[in-house]
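Both counts, for ligands and for their atoms, begin at 1 and track the order of listing. Basis for what follows: all heavy atoms, side chains included, without hydrogens, waters or symmetry-related copies.
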Amino acid sequence: MSFLFAHRRYALPFRVPVRTAHGPWAVREGLIVRVTDATGAVGYGEIAPVPRFGTETVDEAAAVLQALGGQIGETQIAALPVQSSSARHGLCVALADCRAGSPNPAVSGAGSKSSRAVAALLPAGREALGAAAAKAELGFRVFKWKVGVGDNDEELGLLDELLARLPGGARLRLDANGAWDRRRAERWLERCAERPIEFVEQPIAPAARGADDLLRGLAADFPTPLALDESLVHDGDVERWLAAGWPGLFVVKPALLGDPAAVCAQLAHARANVVFSSALETAVGAQAALRPAFAWPGERRALGFGVYPLFADARFDGPPAAPFVSATDVAQLNPEAVWNALS
Ligand code: MG
């Protein structure tokens, strides 16, 4: 059976530019795909690439859609270029939803009352201190702080101040976004060793020379767990790190995976330690990304979805950042409304 699809491109300014180790990020670009069949069933998917992570660009994804000429099926998806993981993701999700006969199927593996903790995202630098107190007041107990953004000594000096602001029993995650070299990573990991740090995310950039060996060495030498994020851009990366016996965590951004269901099955089979995370997508992609998170059979770590409200135009936001997100919140996200808002 062949399906028809249309797509709409978006360029959505963030409410506040996102500060990362690679500089500010002001506008989120991507595509929404709408798949229909002869019976009138509809499905939506989002293509939200992050080229600085190593995915295709939005232009490349748009060209892939253009070349398909408005028809999609398993054969066409299987024939997509390997590097088109974001396009594959959006088309797979939309096609599966269309097959399910509804653009908004219930969150699988979750009763309507089930919920997951969400990690509060703290701004980089000293601003994190005030933000942490405010988020703790709201009830958050897991916090994530971006490091490797400002001056290294100043950030190291802020760590204890930040920990002192967190409520008892709180967990802090650090995300270096690959900004450190070996010496900086070692200094931080020495400092973290006796502190309640849940994990340190991507201390070394995947493109750094000998990065894989360096990451494995750091994981073996220090007690604080390490998490891979930027190292896991393509579906095959997860398989490779699993085969190498990676002892740390896997940050899974379903929006960046061509086939998140297959990758999650590999991770579950290996009993891997997984953290599900946003790729700063709209409500369409957030709904698709939260489904495998709710279905995950392993340890339920706080979700990296504390990013909304994210867009200047709130119609595109995923579930508002709260200490918990429920299956009902996810089911209530409305892909059709996002599609219509782009007309
Ligand atoms: Mg990260």
Side-chain angles (χ1 to χ4, degrees), residues 14 17-25 28 48-55 85-86 89 117-125 128 131 135 140 142-150 152 155 159 162 171-181 184-185 188-189 192 197-208 211-212 214-215 218-219 224-235 237-238 241 246 248-257 260 263-264 267 272-281 285-286 289-290 292-293 296 301-308 310 318 321:
F14 292 123
V18 177
R19 283 177 79 187
T20 74
H22 309 281
W25 183 14
R28 207 329 163 200
V50 186
R52 75 191 71 188
F53 249 65
T55 72
S85 54
S86 299
H89 172 92
V118 173
L121 189 58
L122 303 177
K135 297 279 188 186
F140 285 95
V142 181
F143 301 82
K144 172 166 152 173
W145 186 36
K146 292 265 180 194
V147 288
V149 178
N152 192 58
E155 284 182 351
L159 179 62
L162 177 56
R171 289 171 158 206
L172 180 65
R173 304 171 170 179
L174 304 181
D175 189 354
N177 286 118
W180 295 334
D181 56 17
R184 279 194 182 169
W188 276 91
L189 289 168
C192 291
I197 305 300
E198 185 185 7
F199 56 78
V200 173
E201 207 168 305
Q202 202 71 43
I204 305 287
D212 290 11
L214 196 44
L215 286 163
L218 292 169
T224 304
L226 302 185
L228 300 175
D229 184 1
E230 282 87 343
S231 288
L232 310 176
V233 186
H234 305 289
D235 295 28
D237 292 334
V238 168
W241 283 98
W246 174 244
L249 295 95
F250 293 78
V251 176
V252 172
K253 292 183 160 74
L256 301 188
L257 297 172
V263 171
C264 288
L267 288 161
N273 236 316
V274 169
V275 177
F276 288 91
S277 184
S278 164
L280 307 186
E281 57 282 272
L290 284 162
W296 178 248
R301 290 186 185 259
L303 305 174
F305 276 85
V307 298
Y308 304 105
L310 178 65

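In this structure, the side chain of R28 engages the main chain of A48 through a donor-acceptor pair within 3.5 Å. A donor-acceptor contact shorter than 3.5 Å is absent between the side chain of E201 and the backbone of R173.
Side-chain contact between S231 and W241 is present, with at least one heavy-atom pair separated by less than 4.5 Å.
Checked against side chain to side chain contact (heavy atoms under 4.5 Å, CB included), A120 has the following partners two or more places apart in sequence or in another chain: K135, F140, F143.
Looking at every heavy atom in both residues, D175 comes nearest to D229 through OD2-OD2, 4.3 Å. A185 approaches L218 most closely through the heavy-atom pair CB-CD1, 3.8 Å.
Around the Mg ion (ligand 1), the protein contributes the following N, O or S atoms at distances under 2.8 Å: D175 OD2, E201 OE2, D229 OD2.
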